[in-house]
Amino acid sequence: MKTVGEVGERALVAMFTTAAASGGDTDDLVIGSGDDAAVFAPTGPVVVSTDTAVAGRHFRFDWSTPRQIGARAVVQSAADIAAMGGVLTGVVVSIGCPPQTPVERVLELNAGIVDQTHRYRARVLGGDLVSSSEVVLTVTSLGVLDGTQAVALSGARGGEVLALSGPLGGPAGGLAALSAVEHGADPLLLEQFSDLVEAYRLPRPDLGQGRVAALAGARAMTDVSDGLVEEIITMAEASQVRIDIDSASVPQVRGLAELGAALGVDPARWALAGGEEHELLAAFDPSAVSAGWTVIGTVSDGEPDARIDGAAVGEIRGWQSFTET
């Protein structure tokens, strides 16, 4: 099996360019992957976000396939575009890897990036390949506000409600199952809760709900990448409001309670504190909540504060069940 060092950067970049040349529904692309830079003519204000994932810290090749890892990096970055109410147009990718990395691994990473970008009807616009001590993926997403206003974190106001675009806990539950098996639990656990493990390997949020929420008049929005607890703290502070959450109203993915029982863990820990969800969290007027969204709390005027079931979020974060790894 050839390595990256044996094949060379130029040959690999040519393979990447071929893979990215087709697919996607972007009409505003003027010059795409393969030139010195991409050129596109957006139809509205441009939304830009960058995310980086590092092997051993954000992903493991023994827990996920290279294709899943590449796709997940796109979801992670594209979710930030959706959280602003934008529509993904394209991505620019940087891949860093040691020279001894098998070529097939790098090609599969790129295939995951390209496939996931095309699923969002967008294009891979270009990127870079560099030598590094670990495999590092950086995805910069570009999107447009197609007839909508940007939905910032700071727009929540008293009298509104807070809602989620989908159930939570899947990625954190899947990670817990993988960790448990690594530490001696029955490997059949991964088969029994395969949907949760797959949710960790490649989250599949409906990012189209970002634009849906923006059109419905959402006042503040973010994706649940750092865990629900952290996100409501961030939104409360940015908007200078108090946010109260009813934990019983937070939807959990199917199978989470059963996994919690199997591992002796309160599944609320995964739903409230698990990260890398990428479902969307938004503040709406009570009469304007988008169909399919679940109301989980209320927004009120006052000192910036975030509470779940009447307890300050700071106290809940200190609860061992939510902070153990």
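Everything numeric in this text was worked out from a predicted model, so none of it was measured.
Counting heavy atoms from C-beta outward, Phe193 and Glu258 have side chains that approach closer than 4.5 Å. Counting heavy atoms from C-beta outward, Asp246 and Asp309 have side chains that approach closer than 4.5 Å. For the pair Val75/Tyr120, a side-chain contact is recorded, criterion being any heavy-atom separation below 4.5 Å from C-beta on. In this structure, Val135 and Ile69 have side chains that are not in contact, with every pair of non-hydrogen atoms separated by 4.5 Å or more. When side chains are defined from C-beta on, Thr117 does not count as touching Ser141, because their heavy atoms never get closer than 4.5 Å. The shortest distance between side-chain heavy atoms of Phe284 and Val295 does not fall below 4.5 Å. Side chains of Val124 and Val91 form a contact here, defined as non-hydrogen atoms less than 4.5 Å apart. Put simply, the side chain of Ser300 reaches to within 4.5 Å of the side chain of Asp244, judged on heavy atoms.
Heavy-atom minimum distance, Ala214 versus Val151: CB-CG2, 3.8 Å. The nearest pair of heavy atoms linking Ala199 to Pro171 is O-CG, 3.6 Å. Among all heavy-atom pairs drawn from Gly90 and Ala122, the shortest one is N-CB, 3.9 Å. Here the closest non-hydrogen pair linking Ala156 and Val299 is CB-CG1, 4.3 Å. Among all heavy-atom pairs drawn from Met235 and Leu281, the shortest one is CE-O, 3.8 Å. Closest of all the heavy-atom pairs between Leu88 and Ala78 is CD2-CB, 4.0 Å.
If you check the side chains of Glu276 and His278, you find a donor sitting under 3.5 Å from an acceptor. Defined by atom type and a distance below 3.5 Å, a donor-acceptor pair is missing between the side-chain atoms of Ser94 and Thr138.
Although no hydrogens or angles enter the test, the distance criterion places a donor-acceptor pair under 3.5 Å between the side chain of Arg72 and the main chain of Tyr200. The closest donor-acceptor contact from the side chain of Ser132 to the backbone of Cys97 lies under 3.5 Å. Checking side-chain atoms of Gln68 against main-chain N and O of Thr65 turns up a donor-acceptor pair under 3.5 Å. A distance-only check finds a donor-acceptor pair linking the side chain of Asp301 to the backbone of Gly158 [under 3.5 Å]. The closest donor-acceptor contact from the side chain of Glu277 to the backbone of Gly169 lies under 3.5 Å. Side-chain atoms of Thr101 come within 3.5 Å of backbone atoms of Pro98 as a donor-acceptor pair (strictly under, hydrogens ignored). Using a distance-only test at 3.5 Å, with no hydrogens or angles considered, a donor-acceptor pair links the side chain of Ser77 to the main chain of Val139. Side-chain atoms of Arg211 come within 3.5 Å of backbone N or O of Asp146 as a donor-acceptor pair. A donor-acceptor pair is defined here as one N or O able to donate and one able to accept, closer than 3.5 Å; no such pair exists between the side chain of Arg219 and the backbone of Asp285. Counting only distance, with no hydrogens or angles, the side chain of Ser239 and the backbone of Leu153 share a donor-acceptor pair below 3.5 Å.
Cluster annotation: Ile81 and Leu145 are assigned to the same hydrophobic cluster (Ile/Leu/Val/Met/Phe/Trp/Tyr, side-chain heavy-atom contacts under 4.5 Å, transitive). When hydrophobic clusters are built by joining Ile, Leu, Val, Met, Phe, Trp and Tyr residues whose side-chain heavy atoms come closer than 4.5 Å, directly or via intermediates, Leu228 is not grouped with Met221. Follow the hydrophobic side-chain contacts under 4.5 Å out from Phe59 and you reach Val93 in the same cluster. Residues Val229 and Leu168 share a single hydrophobic cluster, defined by chaining ILVMFWY side chains whose heavy atoms lie under 4.5 Å apart. Criterion: ILVMFWY side-chain heavy atoms under 4.5 Å apart, direct or through other members. Under it, Ile95 and Val54 are not part of a common hydrophobic cluster.
Atom CD of Gln240 has more than 12 heavy atoms from other residues, nucleotides or ligands within 6.0 Å.
Distance check: Ile308 CD1 to Ile245 CD1 gives 6.5 Å after rounding to the nearest 0.5 Å. Note that OG1 of Thr222 and CD1 of Ile232 are 12.0 Å apart. Values are rounded to the nearest 0.5 Å. Expressed to the nearest 0.5 Å, how far CH2 of Trp293 lies from CD of Glu279 amounts to 8.5 Å. Between atom CG of residue Asp62 and atom CZ of residue Arg60 there is a gap of 4.0 Å, rounded to the nearest 0.5 Å. Between the CG atom of Leu256 and the CG atom of Leu196 there is a distance of 6.0 Å, given to the nearest 0.5 Å. How far CG of Leu164 is from OG1 of Thr294: 7.0 Å, rounded to the nearest 0.5 Å.
Contact check on Arg254 versus Asp195 returns no salt bridge, with no Lys/Arg side-chain nitrogen under 4.0 Å from an Asp/Glu carboxylate oxygen. Between Glu108 and Arg105 there is no salt bridge, since none of the side-chain N atoms of the basic residue sits less than 4.0 Å from a carboxylate O of the acidic one.
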Quick one: do Asp186 and Gln192 satisfy side chain to side chain contact (heavy atoms under 4.5 Å, CB included)? Show the steps, please. CA-CA 10 Å; Asp186 188 342; Gln192 182 181 358; over 6 Å; no

Check the pair Ser225, Glu230 against side chain to side chain contact (heavy atoms under 4.5 Å, CB included), reporting the backbone distance first and the verdict last. CA-CA 9 Å; Ser225 57; Glu230 293 297 332; over 6 Å; no

With side chain to side chain contact (heavy atoms under 4.5 Å, CB included) as the criterion, how do Arg121 and Val87 come out once you've worked through the C-alpha distance, each side chain's angles and the decisive distance to 0.1 Å? CA-CA 9 Å; Arg121 304 169 70 88; Val87 177; over 6 Å; no

